[in-house]
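Worksheet: one structure, shown below.
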Amino acid sequence: MSESRRVFIHTFGCQMNEYDSAKIRAQLSKDGFVAADDPTQADLILLNTCSIRDKAEQKMHSALGEYRNLKRYGQPVTIGVAGCVAQQEGKTLLDRYPDLDLVFGPDGVPQVRGLVREAMAGKRMLDTEFLDLETYPFVSDIDPEAGKSVGAFVTIQKGCDNRCTFCIVPTTRGDEASRPSAEIVAEVRALVDRGVQEITLIGQNVNSYGLKVSGEKTFAELLYLVAAVPGVSRIRYTTSHPRDMGDDVVQAYRDLPALTSHLHLPVQSGSNRILRRMKRFYTREHYLAVVDKLRDARPDIALTTDFIVGFPGETDEDFRETMSLLNEVGFVNSFSFKYSSRPGTPALRLPDHLEDSIKGARLTELQTRQRELALAWHRSLEGSEVSVLVEGPSRHDAGVMCGRTATNAMVNFPGPEWLIGREVPVRVTRGFTNSTRGDWISPELSAPAELSA
Ligand code: 5AD
Ligand code: SF4
């Protein structure tokens, strides 16, 4: 048994990176690593990086600068860069930062123990090879931190076979591979055994799950399998591609109560001309038809999306189409971004890149309208009784519990800590832009026997 060492992981970007960081922790724990609360206490600092937009990449460089300073001022620490920037920049990072010890891309995660061992022994390590898709070694070790929270991510695929013209992901994460459904179900069981209630299945394009592997389940079939695991109270998934959202998945919304009434379905733009230039392979009309079907199957479904504004060649008219789609669907929330040119992506070579000031004005307009829609949605919940899966105390007040409805609305209400991990009825009293406030409906219930001694 090796002595205990401390690892600090700074995670940037999406859920896939959060998941990879959890898998890195899980594997390093086998070599005696425990989590450091603070980088100044760490023997190993890993930055798990994101390159989806230029801003994310810049954030990583400034954080790396701070960690390198710790080393410069005498802390004996090994520093590694992992994730999408590592994959994209590879050796350039080692050349640029002489005190950087380790660089590995997303496909290095299954090998992290060996990479760290070598790096800590003083060898500068670089691993940006993509692994064979057919035998891709998805990591099954469970994060030592799992079970501390109500929800957990479970990866169902890696990489992406789409080539949306703005997107760097296929370059940084490689082609798509589906994880065997038996492994997915086993991980879900292991998490539920640790007390996890809400499972979020993650992949870059979950709807194409299993299609390349003969005999594998489809994504819809996988949903049924996961819902059948005893103890799973809620299932979410991300990310869906509107082109591939099949009727079998829509049917699952009729059949599976555990499937939450919230779907994140990135649309990117409301203009068919721009969707074509993005190579999204669906039209606004197709997207709206999918929304109709989903609402037919699950009338209370809350829809969220991603938008990119200021894509090359986007005219004011195109942007008006995006605004009208926002209103027509009535998204309850969205992530919206100014188009950011990424190295090697096809959109880089498109004509008519827009000035930042135009992108900024469009983003502000879209986000202002989105906030109004979010507020209207939260206000529409006022007076209703909702079922809240309690996640933990609110950040501002330990006497206030915070949780989410199945539609993903955030609800804060006064209540005791023993409610964490339970689904409780709450009457919503106020709706705000980002959350709601309410009152727990059964406060006369006493604490469970094992807690009230
Ligand atoms: N510029 C701006 N936004 C982007 N996204 C992906 N690539 C870019 C880019 N180059 C956004 C998309 C995607 C989300 C994860 O990030 O909206 O759905
Ligand atoms: Fe990127 Fe498109 Fe793949 Fe999503 S579906 S990861 S936006 S290429």
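As the structure is a computational prediction, the values presented were derived from the model and not from experiment. Counting starts at 1 for both ligands and their atoms, following the listed order.
Heavy atoms of other residues, nucleotides or ligands lying less than 6.0 angstrom from CZ of Arg379 number 12 at most. Around atom NZ of Lys59, no more than 12 heavy atoms belonging to other residues, nucleotides or ligands sit under 6.0 Å away. Counting non-hydrogen atoms of other residues, nucleotides and ligands closer than 6.0 Å to NZ of Lys217 gives a total of 12 or fewer.
For atom 6 (C) of ligand 1, the candidate residues are Ile52, Thr345, Asp54; the nearest heavy-atom contact is made by Ile52.
Electrostatic pairing of Lys23 and Glu187 counts as a salt bridge here, judged by a charged N lying under 4.0 Å from a carboxylate O.
Under 3.5 Å, the side chains of Asp306 and His264 contain a donor-acceptor pair of N or O atoms. Side-chain contact, Gln88 with Thr171: no donor N or O sits under 3.5 Å from an acceptor N or O. At a cut-off of 3.5 Å, with distance as the only test, no side-chain donor of Asn162 or Gln204 sits close to an acceptor on the other residue.
Taking the six-membered ring where the residue is Trp, Phe337 and Phe335 present parallel rings, their angle staying beneath 30° rather than reaching 60°. In this pair, Phe219 and Tyr237 present their aromatic rings perpendicular. The plane angle is above 60°, beyond the 30 to 60° band.
Listed by chain and number, the protein N, O or S atoms at a distance under 2.8 Å from atom 3 (Fe) of ligand 2 are Cys160 SG.
Residue Asp306 has at least one nitrogen or oxygen atom sitting less than 3.5 Å from a nitrogen or oxygen atom of ligand 1, judged on distance alone. Residue Tyr339 has no N or O atom closer than 3.5 Å to an N or O atom of ligand 1. By the 3.5 Å distance cut-off applied to N or O atoms, Ser340 is counted among the residues near ligand 1. Between Phe166 and ligand 1, an N or O atom pair is found at a separation short of 3.5 Å.
The closest protein non-hydrogen atom to atom 5 (N) of ligand 1 is Arg53 NH1, 3.5 Å. Among protein heavy atoms, the minimum distance from atom 2 (C) of ligand 1 is reached at Lys338 O, 3.3 Å.
Residue-ligand proximity, Phe166 to ligand 2, at heavy-atom distances under 4.0 Å covers atoms 7 (S). Per-residue contacts place Arg280 under 4.0 angstrom from the following atoms of ligand 2 (heavy atoms of the residue considered): 2 (Fe), 7 (S).
Pro346 has its side chain out of reach of Lys279: every pair of non-hydrogen atoms, C-beta onward, lies at least 4.5 Å apart. Cys167 is not listed as a side-chain neighbour of Arg342, based on a closest heavy-atom distance of 4.5 Å or more.
Proximity of Gln268 to ligand 1, defined as any heavy-atom pair under 4.0 Å, is confined to the side chain (atoms from C-beta onward).
Contact annotation: Gln268 has no heavy atom less than 4.0 Å from any atom of ligand 2.
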